[in-house]
Amino acid sequence: KAAQIYTDAEFTKGELGRYYGVPAEKIQAIPLAIEAGFKRAAEATIDAFKERHRLEGKKVIGFLGSVFQRRHVKELIQACDRLRARHDLALIIVGRNYAGKETESWLHREGITWLEWLPEELLNSFYSSLDLFVYISSYEGFGFPPLEALACGTVPLLLPSSSLQEMYHDLALFVENPDPGQVAVAIDDFLDDPGPVRARIGGRWRERKDFFTWPRVAAAYLETLLG
């Protein structure tokens, strides 16, 4: 019955048509934004976070978000296990587990720091402490965490699925599927020579970051609401 429907990505616009039969002309996709407070932490703050969680001197891989099967956290853990012979690796996972007891047993494995929750004031420290942020989710309506990682200077590794390819096509590394072997290769390749990738993606983020601001979102809504 609504005259206009708003959603946050062309992908979710398509899902509304697919599952609810809503005409495309009735739906407007307006990508969202992140708070301006997301930025790289000071080096002393990063060092303190790493010391607190025993991450000093390691290559740090991170994930943040509720743990669901579709986010393939178990596969990420398996991928990191394959790399420990090549890299002094630490994996830090932040988020409550909704993927069942089997996944929880993986979260308690040696070499993994699992935090169910992290205070908002520590998010910049978390993202800034990472060498790579891995978010290999099969289904996202928008996907905030990769944006937050980018704002803190950290490259994300994603799946080219749902809204993630749409939003981050030039702002992230991608692996075709969540197979642990493929994920391990993608992580390994990046860790072997991260400089060029960081420079390329960091440059693109600086060019595009003004798009992911709330004033732009508000203006897009107002244009149709008042027009």
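Just so we're clear, the structure is a prediction, and the values are computed from it rather than from any experiment.
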Would you give me the side-chain donor-acceptor pairs under 3.5 Å for residues 135-152, sequence neighbours excluded?
| from | atom 1 | to | atom 2 | distance (Å) |
| --- | --- | --- | --- | --- |
| Tyr135 | OH | Arg71 | NE | 3.4 |
| Tyr135 | OH | Arg71 | NH2 | 3.1 |
| Tyr135 | OH | Glu140 | OE1 | 3.4 |
| Ser137 | OG | Tyr139 | N | 3.4 |
| Ser137 | OG | Tyr139 | O | 3.4 |
| Ser137 | OG | Glu140 | OE2 | 2.6 |
| Ser138 | OG | His72 | NE2 | 2.5 |
| Tyr139 | OH | Glu15 | OE2 | 2.6 |
| Glu140 | OE1 | Arg71 | NH2 | 3.2 |
| Glu140 | OE2 | Arg70 | NH1 | 2.8 |
| Glu140 | OE2 | Arg71 | NE | 2.9 |
| Glu140 | OE2 | Arg71 | NH2 | 3.2 |
| Glu148 | OE1 | Tyr127 | OH | 2.6 |

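Around atom CD of Gln4, more than 12 heavy atoms belonging to other residues, nucleotides or ligands sit under 6.0 Å away. By the 6.0 Å contact criterion, CD on Glu56 is enclosed, its count of non-hydrogen atoms from other residues, nucleotides or ligands being greater than 12. Residue Arg200 places its CZ atom among more than 12 non-hydrogen atoms of other residues, nucleotides or ligands, all under 6.0 Å distant.
The side-chain hydrogen bond (donor to acceptor under 3.5 Å, both in side chains) check on Lys39 picks up nothing, with sequence neighbours excluded. Here Tyr6 pairs with Thr224 under the side-chain hydrogen bond (donor to acceptor under 3.5 Å, both in side chains) rule; sequence neighbours left out. The salt bridge (charged side-chain N to carboxylate O under 4.0 Å, His left out) test applied to Asp170 returns Arg208, not counting sequence neighbours. Here His53 pairs with Phe49 under the ring pair (Phe, Tyr, Trp, His ring centres under 6.0 Å) rule; sequence neighbours left out.
With respect to Arg198, the side chain to side chain contact (heavy atoms under 4.5 Å, CB included) criterion is satisfied by exactly one of Asp193, Leu132, Val155: Val155.
When side chains are defined from C-beta on, Leu130 does not count as touching Ile61, because their heavy atoms never get closer than 4.5 Å.
Rounding to the nearest 0.5 angstrom, the gap separating the CG atom in Asp8 from the CD1 atom in Ile30 is 10.0 Å.
Ring geometry for His108 versus Trp114: interplanar angle over 60°, hence perpendicular rather than tilted (30 to 60°).
The residues Arg216 and Asp210 are annotated as not salt-bridged, no charged nitrogen and carboxylate oxygen being separated by less than 4.0 angstrom.
Within the structure, the salt bridge (Lys or Arg N to Asp or Glu O under 4.0 Å) test picks out the following pairs touching residues 103-124 (sequence neighbours left out): Asp81-Arg109.
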